[in-house]
Number of protein chains: 2
Amino acid sequence: MVSIKDVAKKAGVSISTVSYALNGSDKVTDKTTAKIMAIANELNYVPNAAARSLKRQQTRNVGIFLTDFGGNFYGDLLQGVKEDLKQKGYALVVCSGTQSHRMLPERMIDGAIILDETFSNEELLKHADRGHKLVVLDRELNHPNINQVLLDNKAGAALAMEYLLEQGHDKIYAVSGPPGSYDSMRRLHAVRTIVERNKHLEYSEIAGDFDKPGGEAAAKQIAEEYARPVAVFCLNDEMAIGLYNYITTNTSLVIGEHIHLVGFDNIELTRYVQPRLATIDYSMRKWGALASEQLLKMLSGEPVDHERIYVSLVKGASVNPL
Amino acid sequence: MVSIKDVAKKAGVSISTVSYALNGSDKVTDKTTAKIMAIANELNYVPNAAARSLKRQQTRNVGIFLTDFGGNFYGDLLQGVKEDLKQKGYALVVCSGTQSHRMLPERMIDGAIILDETFSNEELLKHADRGHKLVVLDRELNHPNINQVLLDNKAGAALAMEYLLEQGHDKIYAVSGPPGSYDSMRRLHAVRTIVERNKHLEYSEIAGDFDKPGGEAAAKQIAEEYARPVAVFCLNDEMAIGLYNYITTNTSLVIGEHIHLVGFDNIELTRYVQPRLATIDYSMRKWGALASEQLLKMLSGEPVDHERIYVSLVKGASVNPL
DNA sequence: AGTAATAATCGAAACGTTTCGATTTAGTAT
DNA sequence: ATACTAAATCGAAACGTTTCGATTATTACT
């Protein structure tokens with residue numbers, strides 16, 4: 001492998017001069033710079049990232065940690081992160097699973113965006129204590145090295161509930177995500193607040209798991225208990241689709257008539273089920289872009305403030321007036 | 001940051017002994033190993049990846065290069081790669097866009113899996129010449145450092161076409177992907193071979209782009225030309241869905257009656273459109289797992305042979321007998 | 001007990017950069 | 001021409017590991 005030493009030798013200058021030239025320092029004269037550049041090109045020289053990281057004590061990589069790669073969910077988020085990072089000279093390392101947990105301590109990345117409940121708060125705080133910069137998307141954490149960009153779950157849940165109430169529904173199910181999920185907790189909390197303010201509602205909760213099987217199980221229970229038209233707020237679309245499937249294939253109930261359904265996330269699938277699934281929309285791409293922007297600011301020492309991603313209601317024929 | 005030096009000092013031994021102990025060498029006595037381990041733990045010592053890579057001349061990272069993160073397409077593929085890699089102590093770096101191209105030359109990864117047409121054959125061959133190990137999923141390349149794990153596009157296209165022919169269809173459209181795409185080319189080639197063998201077919205081709213707009217454009221053209229029932233083979237599902245949407249929302253033609261549709265890839269969406277989209281299925285997860293297995297073998301110097309991913313037909317009501 | 005063989009530990013070089021302080025070269029003013 | 005200043009280049013140390021060859025400690029054998 002050709003190293004800076006080879007370039008130096010061929011150019012007849014010292015290693016340090018080559019380094020300065022290649023990094024665009026104005027210490028070295030234009031003529032020598034040009035010559036060095038030419039030779040570096042000719043030799044196909046590319047600096048060794050490991051050596052550079054070691055010396056610089058920074059990698060110019062940032063990581064993003066996801067629970068898994070499955071689902072379409074993350075595509076746009078990653079796209080948003082990537083686009084923002086690119087022009088700032090940082091590379092993105094996408095990780096999922098146990099390997100993720102090694103990345104920060106081993107200093108393979110300078111900082112990270114976290115959307116992965118397999119990281120405990122303690123672990124994240126420990127990383128932050130050691131000086132790593134973090135942006136969390138799935139929890140609230142108070143630490144100078146941690147910033148958060150959170151979804152406006154409360155507003156989203158309120159939007160969904162109000163939509164159902166406006167349509168006259170008074171028997172309501174909420175299908176929640178895993179107990180530890182921040183998003184699920186925030187959404188559920190908002191739902192309960194609204195329920196408490198509307199004493200006339202007949203309300204119950206079912207624990208889903210933010211996945212299709214969870215939605216199917218909920219559907220089963222709802223179908224068995226069915227007596228009169230109900231409204232169901234699935235705290236994410238994935239479950240709503242699972243529920244949808246179960247209902248349409250295993251029962252004679254119809255969505256939008258007997259069961260009025262609203263989801264959360266506006267995943268692509270919502271557009272393809274009939275009737276269209278009502279849901280809560282927000283820009284994944286913007287979420288990613290904002291997160292990486294914040295992270296880079298932190299890495300360069302700029303002060304940052306917590307940010308919030310706004311949401312909106314997408315109406316659909318899965319909900320009709322009672 | 002605590003380094004091996006700190007551990008050595010606290011343990012009262014030399015740096016080299018610590019290194020041997022931590023790497024499980026049997027040169028060092030069990031007692032000292034235990035002591036060193038304990039102290040390393042106590043100090044929260046974690047080896048610096050950059051230093052280690054620099055010395056070892058390998059990173060224990062492998063990359064996977066994708067055209068983009070969008071679409072659900074890659075989720076299962078990545079999952080397959082990740083699972084295989086995990087137990088072998090390698091970490092996965094998922095990259096897309098311009099940054100990808102820097103990863104290999106800068107030696108941030110030891111090898112890569114490629115599914116990204118923005119890499120030219122020349123570029124890949126150059127990397128291989130420099131000693132990097134590559135597994136390509138989207139082209140055929142002959143080089144000792146390059147192995148390929150390809151989809152059986154030919155069989156898939158044949159399966160789809162035979163399905164249509166069995167159902168008695170004789171007017172057929174093929175909607176192709178981007179001209180440079182290997183998968184599109186292979187599929188189209190197989191289609192043409194079959195068309196040539198069946199002289200009675202009325203056959204035409206439309207250039208899509210492997211995306212929804214491409215499918216919509218094709219749909220528009222087909223609808224305008226419509227005279228009698230036709231069969232359409234979209235060379236991927238994405239386009240089939242786009243076509244599907246256009247037809248159902250903008251025309252009075254119905255899928256499975258006037259237009260008989262088959263796709264390729266068996267993406268999740270195919271299960272949610274009504275009628276279900278007939279398509280060609282294969283295991284993305286297995287594809288990923290096989291690719292990473294091959295890559296790791298190459299990295300450890302074992303010989304590998306090209307592999308093939310087999311496909312099967314998924315019937316659906318989007319196709320009916322003529 | 002003394003020596004030979006073996007086991008355990010150590011010191012130092014090397015991996016490929018960056019960067020500080022020192023040195024050489026060129027430039028300017030007298 | 002000479003001295004002085006500024007500009008350009010250089011040498012060497014440092015980043016944190018791994019690993020070779022050398023050194024020291026231990027064990028086994030006569």
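Just so it is clear, the structure is predicted and the values come from calculations on it, not from any experiment. Chain letters run A, B, ... following the sequence lines, proteins first and then strands; every chain starts at 1.
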Once base and sugar-phosphate atoms are separated, protein heavy atoms under 4.0 Å mark nucleotides 14-19 of chain C, 5' to 3', with B, S and - as BBBBBB
ask   = Could you walk me through whether B/Ser25 and B/Asn23 pass the side-chain hydrogen bond (donor to acceptor under 3.5 Å, both in side chains) check?
value = CA-CA 6 Å; B/Ser25 162; B/Asn23 288 301; over 6 Å; no
Verdict with supporting geometry, B/Asp26 and B/Tyr20, side-chain hydrogen bond (donor to acceptor under 3.5 Å, both in side chains)
CA-CA 8 Å; B/Asp26 51 0; B/Tyr20 284 127; over 6 Å; no
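Rounding to whole angstrom units, NZ of residue B/Lys27 and C1' of D/dC20 are separated by 8 Å.
Using a 4.0 Å heavy-atom criterion, one finds that B/Asp30 contacts no nucleic acid atom at all. Nucleic acid contact for A/Ser53: none, since no nucleic acid atom lies under 4.0 Å from a heavy atom of the residue.
For B/Arg52 and A/Glu106, the salt-bridge test fails: no basic side-chain N is under 4.0 Å from an acidic carboxylate O.
Aromatic ring pairs are classed by plane angle as parallel below 30°, tilted from 30° to 60° and perpendicular above 60°; the pair B/Phe65 and B/Phe119 is parallel.
For the side-chain contact (heavy atoms from CB on, under 4.5 Å) test with A/Arg308, the passing option among A/Val149, A/Asn153, A/Asp152 is A/Asp152; the others fail.
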